[in-house]
Engineer: 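Below is a structure I'd like to ask you about.
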Amino acid sequence: MAYNAFDQARVAAAASLAGGFFGGVPTFIKDNIDVAGQPTMRGTDAWSPRDAVADGEFTRLYLATGRRPWADPAVGVRVQRFRRTPALRPVRNPWNTDYTAGASSSGSGAFVAAGVVPMAHANDGGGSIRIPASCNGLVGLKPSRGRLPLDPELRRMPVRIVTNGVLTRSVRDTAAFYREAERIWRNPKLAPIGDITGPGRQRLRIAVVTRSVRRECAPEMRT
């Protein structure tokens, strides 16, 4: 864990400050977006962490749904198949601690899979919502670009491949998050999501590639 805010969360809960659909539900926020008064470490020990002066744009939206952040889950730089920084131990998979919790949102994935919280923030440029969802048996939907707000640092990227989102244990919870987020902030260039209460009529097709340019994938992966 990169930082804990247990005391602040308890004070807010006691004062009944958490409104919204998810009022009072505890959560974790990845430490690469700003939370007022908490250090933004960005998953690295390359510099001294700074305390954010104000909430980032996604943090404001996320907390407006009623959530109270307990902490920033540990995130690290991408190193082989595990997550770690020199100051923080590897983020292990709660189902089997010999394995990784996967990608830079691994802390969020581990906490949700372990039942610590029902939902946690994650963001995804090259798989950091989808990979920990896969590793931990969770629901991880990378939303369309522009579906949710980004902090200024991410908006300055030449190609905005990073999107914010959540990791949950059910499609129902993920759908509820996007419904509530849309009630607070919506990109008018995208069609509304609305309240998803069941499967859609349109069927999806999923492509599976079993052969790369150089080699075939392992037999167990094909099955």
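Here the structure is a predicted model, which is why all the values come from computation and not from measurement. We count residues from 1, following the sequence as given.
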Engineer: Could you tell me which residues satisfy side chain to side chain contact (heavy atoms under 4.5 Å, CB included) with A54, sequence neighbours excluded, listed by chain and number?
Structural biologist: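 Side chain to side chain contact (heavy atoms under 4.5 Å, CB included) check on A54 returns nothing, list empty.
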
Engineer: Tell me whether L190 is reachable from L141 by hopping between hydrophobic residues (I, L, V, M, F, W, Y) whose side-chain heavy atoms are closer than 4.5 Å.
Structural biologist: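 No, no single cluster joins them.
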
Engineer: Side chains of V112 and R169, heavy atoms from C-beta outward: is any pair under 4.5 Å?
Structural biologist: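 They are in contact (side-chain heavy atoms under 4.5 Å apart), so the answer is yes.
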
Engineer: Assess the residue pair C135 and I131 against the criterion (side-chain contact (heavy atoms from CB on, under 4.5 Å)); give the C-alpha distance rounded to whole Å, side-chain angles, the decisive distance to 0.1 Å, and a yes or no.
Structural biologist: CA-CA 6 Å; C135 289; I131 294 171; 4.1 Å; yes

Engineer: Among all residues two or more places apart in sequence or in another chain, which pass the side chain to side chain contact (heavy atoms under 4.5 Å, CB included) test with S134?
Structural biologist: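 Per chain and number, S134 pairs via side chain to side chain contact (heavy atoms under 4.5 Å, CB included) with no residue.
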
Engineer: Who pairs with R183 by salt bridge (Lys or Arg N to Asp or Glu O under 4.0 Å), at least two apart in sequence or on another chain?
Structural biologist: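 Scan of R183 (salt bridge (Lys or Arg N to Asp or Glu O under 4.0 Å), adjacent residues dropped) gives E180.
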
Engineer: What residues form a side chain to side chain contact (heavy atoms under 4.5 Å, CB included) with D98, not counting sequence neighbours?
Structural biologist: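 If we apply the side chain to side chain contact (heavy atoms under 4.5 Å, CB included) test to D98, skipping adjacent residues, the hits are N96.
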
Engineer: Could you go through residues 146-165 and list every donor-acceptor pair under 3.5 Å that involves a side-chain atom there, pairing it with any protein atom two or more places apart or in another chain?
Structural biologist:
unit_1: R147; atom_1: NH1; unit_2: A191; atom_2: O; d: 3.0
unit_1: R147; atom_1: NH2; unit_2: A191; atom_2: O; d: 3.1
unit_1: D151; atom_1: OD1; unit_2: E57; atom_2: N; d: 2.9
unit_1: R155; atom_1: NH1; unit_2: E57; atom_2: OE1; d: 3.4
unit_1: R155; atom_1: NH1; unit_2: E57; atom_2: OE2; d: 2.7
unit_1: R155; atom_1: NH1; unit_2: L150; atom_2: O; d: 2.6
unit_1: R155; atom_1: NH2; unit_2: E57; atom_2: OE2; d: 3.4
unit_1: R160; atom_1: NE; unit_2: R155; atom_2: O; d: 3.1
unit_1: R160; atom_1: NH2; unit_2: R155; atom_2: O; d: 3.3
unit_1: N164; atom_1: OD1; unit_2: H121; atom_2: NE2; d: 2.9
unit_1: N164; atom_1: OD1; unit_2: N123; atom_2: ND2; d: 3.3
unit_1: N164; atom_1: ND2; unit_2: P149; atom_2: O; d: 3.0

Engineer: Among residues at least two apart in sequence or on other chains, which ones pass salt bridge (Lys or Arg N to Asp or Glu O under 4.0 Å) with R215?
Structural biologist: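 Partners of R215 under the salt bridge (Lys or Arg N to Asp or Glu O under 4.0 Å) test: none.
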
Engineer: Please examine the side chains of F177 and R172, heavy atoms only from C-beta on, and report whether any two atoms are closer than 4.5 Å.
Structural biologist: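 Counting from C-beta outward, R172 and F177 never come under 4.5 Å.
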
Engineer: Would you compute the distance between atom CD of Q38 and atom OG1 of T59 and round it to the nearest 0.5 angstrom?
Structural biologist: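 So the CD of Q38 and the OG1 of T59 are separated by 9.0 Å.
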
Engineer: Checking M119 against F28 for the side-chain contact (heavy atoms from CB on, under 4.5 Å) test, could you report, in this order, the C-alpha distance in whole Å, the side-chain angles of both residues, the deciding distance, and whether it holds?
Structural biologist: CA-CA 8 Å; M119 181 184 296; F28 291 94; over 6 Å; no

Engineer: Which heavy atom in P132 sits nearest to a heavy atom in G109, and how many Å separate them?
Structural biologist: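 The pair with the smallest heavy-atom distance is CB-CA, 4.4 Å.
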
Engineer: Measure across D124 and I129 and return the closest heavy-atom pair with its distance rounded to 0.1 Å.
Structural biologist: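 Heavy-atom minimum between the residues: OD2-N, 3.0 Å.
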
Engineer: Supply the members, apart from V209, of the Ile/Leu/Val/Met/Phe/Trp/Tyr cluster built from side-chain contacts under 4.5 Å; use none for a lone residue.
Structural biologist: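 Once heavy-atom contacts under 4.5 Å are chained together, V209 still belongs with nothing else.
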
Engineer: Between W95 and V116, is there shared hydrophobic-cluster membership here, with clusters defined by ILVMFWY side-chain heavy atoms closer than 4.5 Å?
Structural biologist: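 Hydrophobic grouping puts W95 apart from V116.
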
Engineer: Looking only at heavy atoms, what is the nearest atom pair of A133 and L167, with distance?
Structural biologist: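 Distance-wise, the nearest heavy atoms are CB-CD2, 3.8 Å.
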
Engineer: Suppose clustering is done on Ile, Leu, Val, Met, Phe, Trp and Tyr with side-chain heavy atoms closer than 4.5 Å. Which residues sit in the same group as V53?
Structural biologist: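 Members besides V53: none; it forms no cluster.
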
Engineer: Return the minimal non-hydrogen interatomic distance between P118 and V25, and the atom names on each side.
Structural biologist: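 Shortest heavy-atom separation between P118 and V25 comes out as CG-CG1, 3.6 Å.
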
Engineer: Under the criterion side chain to side chain donor-acceptor pair (under 3.5 Å), I'd like the reasoning laid out for S128 against S105: C-alpha separation, chi angles, the key distance, then a yes or no.
Structural biologist: CA-CA 5 Å; S128 293; S105 302; 4.8 Å; no

Engineer: Among residues two or more places apart or on two chains, list those pairs meeting side chain to side chain donor-acceptor pair (under 3.5 Å) that have a residue in residues 187-203.
Structural biologist: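 Listed once each, the pairs are R179-D195.
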
Engineer: Set out, in order, the CA-CA distance, both residues' side-chain angles and the distance that settles side-chain contact (heavy atoms from CB on, under 4.5 Å) for L63 and D55, then state yes or no.
Structural biologist: CA-CA 9 Å; L63 299 185; D55 288 336; 3.9 Å; yes

Engineer: Over all heavy atoms of both residues, which pair between G127 and A103 is shortest? Give the atoms and the distance, please.
Structural biologist: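 Heavy atoms of G127 and A103 come nearest at O-CB, 4.2 Å.
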
Engineer: For R92, check salt bridge (Lys or Arg N to Asp or Glu O under 4.0 Å) against everything at least two apart and list the hits.
Structural biologist: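 R92 satisfies salt bridge (Lys or Arg N to Asp or Glu O under 4.0 Å) with no residue once adjacent residues are dropped.
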
Engineer: May I ask you to test the Y62-I33 pair for a side-chain heavy-atom distance under 4.5 Å?
Structural biologist: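 Answer no - side chains too far apart.
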
Engineer: Is it possible for you to say whether I184 and I196 belong to one hydrophobic cluster, with membership spreading through side-chain heavy-atom contacts below 4.5 Å?
Structural biologist: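 I184 clusters together with I196.
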
Engineer: Hydrophobic clusters join Ile, Leu, Val, Met, Phe, Trp and Tyr when side-chain heavy atoms are under 4.5 Å apart, directly or via other members; which others share one with V171?
Structural biologist: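 V171 shares its hydrophobic cluster with V139.
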
Engineer: Do you know which two heavy atoms are closest between P94 and N136, and how far apart they sit?
Structural biologist: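 Taking P94 first and N136 second, the nearest heavy atoms are CD-OD1, 3.3 Å.
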
Engineer: Of all residues at least two apart in sequence or in a different chain, which pass the side chain to side chain contact (heavy atoms under 4.5 Å, CB included) check with D51?
Structural biologist: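 Partners of D51 under the side chain to side chain contact (heavy atoms under 4.5 Å, CB included) test: P39.
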
Engineer: Does the pair K30 and S108 meet the rule for a side chain to side chain donor-acceptor pair (under 3.5 Å), with working shown?
Structural biologist: CA-CA 7 Å; K30 189 174 171 181; S108 295; over 6 Å; no

Engineer: First locate atom CG of L138, then atom OG of S170, and finally report the distance between them rounded to the nearest 0.5 Å.
Structural biologist: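 Rounded to the nearest 0.5 Å, the CG-OG separation comes to 10.0 Å.
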
Engineer: Taking the side chain as every heavy atom from C-beta outward, state whether P192 and R186 have any atom pair closer than 4.5 Å.
Structural biologist: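 When only atoms from C-beta onward are counted, R186 and P192 do touch, with a gap below 4.5 Å.
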
